[in-house]
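The first residue of the sequence shown is numbered 1, and numbering continues consecutively from there. Predicted model, so just to flag it, every value in this text is computed and none were measured.
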Amino acid sequence: MTAPMEAARRVADAVLYEGYLLYPYRASAAKNRMRWQFGVLVPPNYPGEPSGSVTECLLEAPGEDATLDLRLRFLHVRGRTVEREEDDGYWPVPKLTVGGRDYLSFDEATEREARATLSLAHVTAGRRTIEVRVPGDRVFENIAGPGGERTGRIVCEHQPLDAELRISAERLPGPYGLVRLRIEVENTAHWERADAPREEALRRSLVAAHLLIGVSGAAFVSLLDPPMWAEAAARQCRNENTWPVLVGEAGRRDVVLSSPIILYDHPAIAPESPGDLFDSTEIDELLTLRTLTLTEEEKREARITDPRAAEILERAADLPPELLERLHGAIRHLEVPARTTSEDDAVTVAGVRIAKGSRVRLRPGHRRADAHDMFLAGRFALVEAVFLDVDGVRHLAVTLEDDPGSDLQREQGRFLYFAPDEVEPA
């Protein structure tokens, strides 16, 4: 595997397990009863959710010798059913306790990957179809009682999966050697039970499905921030149930991640993150601290819910204080854009020029919904900088005058931010 593809895989793994199991990591938690929300491609006859995705992206490929490295990655749901042994056979149960140990029925998932290497000339000449076949399997694990007697079993089963990859490309007119690459992913499993529970359909679905697309001998063009000469072509790209972005180090254009969740170009895993928590909308520090507050009974249930939940519990319990401190926050790319004149680092409020070093009184405006702002109203602050955001709007970075930690905040670059109409000259 190439280094760029390896770096892309680390981000793709986070996408693969996004929402896999949510805090408090217990099967009984309400938000873990409706699982797998991202990138689910259900069988074509199952209603309510898509069975396929379409990725279109642009390549800058003046020559004909480019090669594509295509990888379809997804989770394959693995049913885990606990069965109690009775006189007339085995019967599924939600939970079985034997010898003080609990066994829980709760589905898991297995990583799958289908790979293909194609020449760009090959797919430009005509659409290519790749069939993806994943066979089913079933494994039994006996549950023995304290005396060795058999009291039940665990049945782990994969249903077979069938899918297709359809790859095509076309050269676009113009002098830039642009090629529009199109990749369709389709779940082709035969399914007749439209009224079946979603849990059953998920076992025949591609879950968290996404594409890693590498190229050699050419370069991808960003669809989020294309160069001016490619803007029209970028707008014409059609993507369904997926979101292609450049991945790898900033500036690289040899790998695209077509993700079921919205990302920016060149996403990266924070180096401070100690491991998977499966929920990118939360903060690692917050989730780790919350995990530590679970009761022993809650931790016991989480451990039998899924092996990955058990790993989270152990990691949180063993996290050294210095690593927990790293989770408290990090500053990246704190840069003040270059200015042509010193006037650009100031704003005028009520006829008074406000710049770095100015003293202001805070008047949080109606745009704010945080109750914490009521405690800032009327307090005095020192302007540390005037920043310009990507939309050309100015913001004042301030520290509170009466805050004993202001020196530390100034050193770390942690400021409070206010619009010019939310302050008044002091």
Side-chain angles (χ1 to χ4, degrees), residues 23 224-225 250 261-274 277 279-293 321-426:
Y23 173 88
L224 297 180
D225 187 23
I261 59 177
I262 295 175
L263 299 170
Y264 291 101
D265 281 336
H266 304 293
I269 304 299
E272 297 82 15
S273 178
L277 290 168
D279 194 342
S280 67
T281 63
E282 291 284 3
I283 300 171
D284 279 20
E285 179 189 28
L286 180 61
L287 277 176
T288 300
L289 293 174
R290 283 182 172 178
T291 300
L292 292 172
T293 66
E322 59 271 20
L323 293 185
L324 185 60
E325 176 64 24
R326 287 179 61 192
L327 297 182
H328 191 59
I331 301 170
R332 307 190 210 285
H333 313 301
L334 183 63
E335 300 176 358
V336 179
R339 309 298 193 191
T340 55
T341 70
S342 60
E343 292 296 322
D344 287 338
D345 285 328
V347 295
T348 300
V349 178
V352 178
R353 182 177 181 272
I354 302 295
K356 180 178 180 179
S358 298
R359 189 167 174 260
V360 295
R361 186 192 298 268
L362 303 180
R363 299 294 188 193
H366 62 84
R367 294 185 297 273
R368 294 174 178 258
D370 191 342
H372 181 259
D373 289 331
M374 70 175 65
F375 300 106
L376 301 178
R379 295 174 68 176
F380 291 98
L382 187 69
V383 176
E384 302 291 346
V386 179
F387 288 105
L388 196 68
D389 67 17
V390 294
D391 296 316
V393 178
R394 285 182 171 79
H395 302 271
L396 303 178
V398 307
T399 53
L400 296 176
E401 225 176 42
D402 57 353
D403 187 345
S406 59
D407 287 341
L408 181 60
Q409 293 167 1
R410 189 174 299 113
E411 179 182 339
Q412 295 180 342
R414 294 184 177 183
F415 306 127
L416 300 172
Y417 292 89
F418 291 86
D421 63 358
E422 294 183 311
V423 306
E424 60 184 32

request  = Measure across Asp265 and Asp225 and return the closest heavy-atom pair with its distance rounded to 0.1 Å.
outcome  = OD2-N, 4.5 Å
request  = Measure across Phe415 and Glu384 and return the closest heavy-atom pair with its distance rounded to 0.1 Å.
outcome  = CE2-CG, 3.7 Å
inquiry  = If I compare all heavy atoms of Val349 with all of Glu424, which pair ends up nearest, and what's the gap?
reply    = CG1-CA, 4.3 Å
ask   = Looking at Pro420 and Leu396, what are the two nearest heavy atoms and their distance?
value = CA-CD1, 4.4 Å
query = Got Leu376 and Phe418 here, is their nearest side-chain heavy-atom distance under 4.5 Å?
reply = yes
ask   = Rounded to the nearest 0.5 Å, how far does CG of Leu263 lie from CG of Leu224?
value = 9.5 Å
request  = Indicate yes or no: at least one non-hydrogen side-chain atom of Phe380 is less than 4.5 angstrom from one of Asp402.
outcome  = no
task = Look only at the side chain of Arg361 and the backbone of Gly378, and say whether a donor-acceptor pair between them is shorter than 3.5 Å.
result = yes
ask   = Which heavy atom of Ser406 sits nearest a heavy atom of Thr399, and at what distance?
value = CB-CB, 4.1 Å
query = Do you know which two heavy atoms are closest between Arg353 and Ser358, and how far apart they sit?
reply = O-OG, 4.0 Å
query = Does the side chain of Ile354 come within less than 4.5 Å of Pro425's, by heavy atoms?
reply = yes
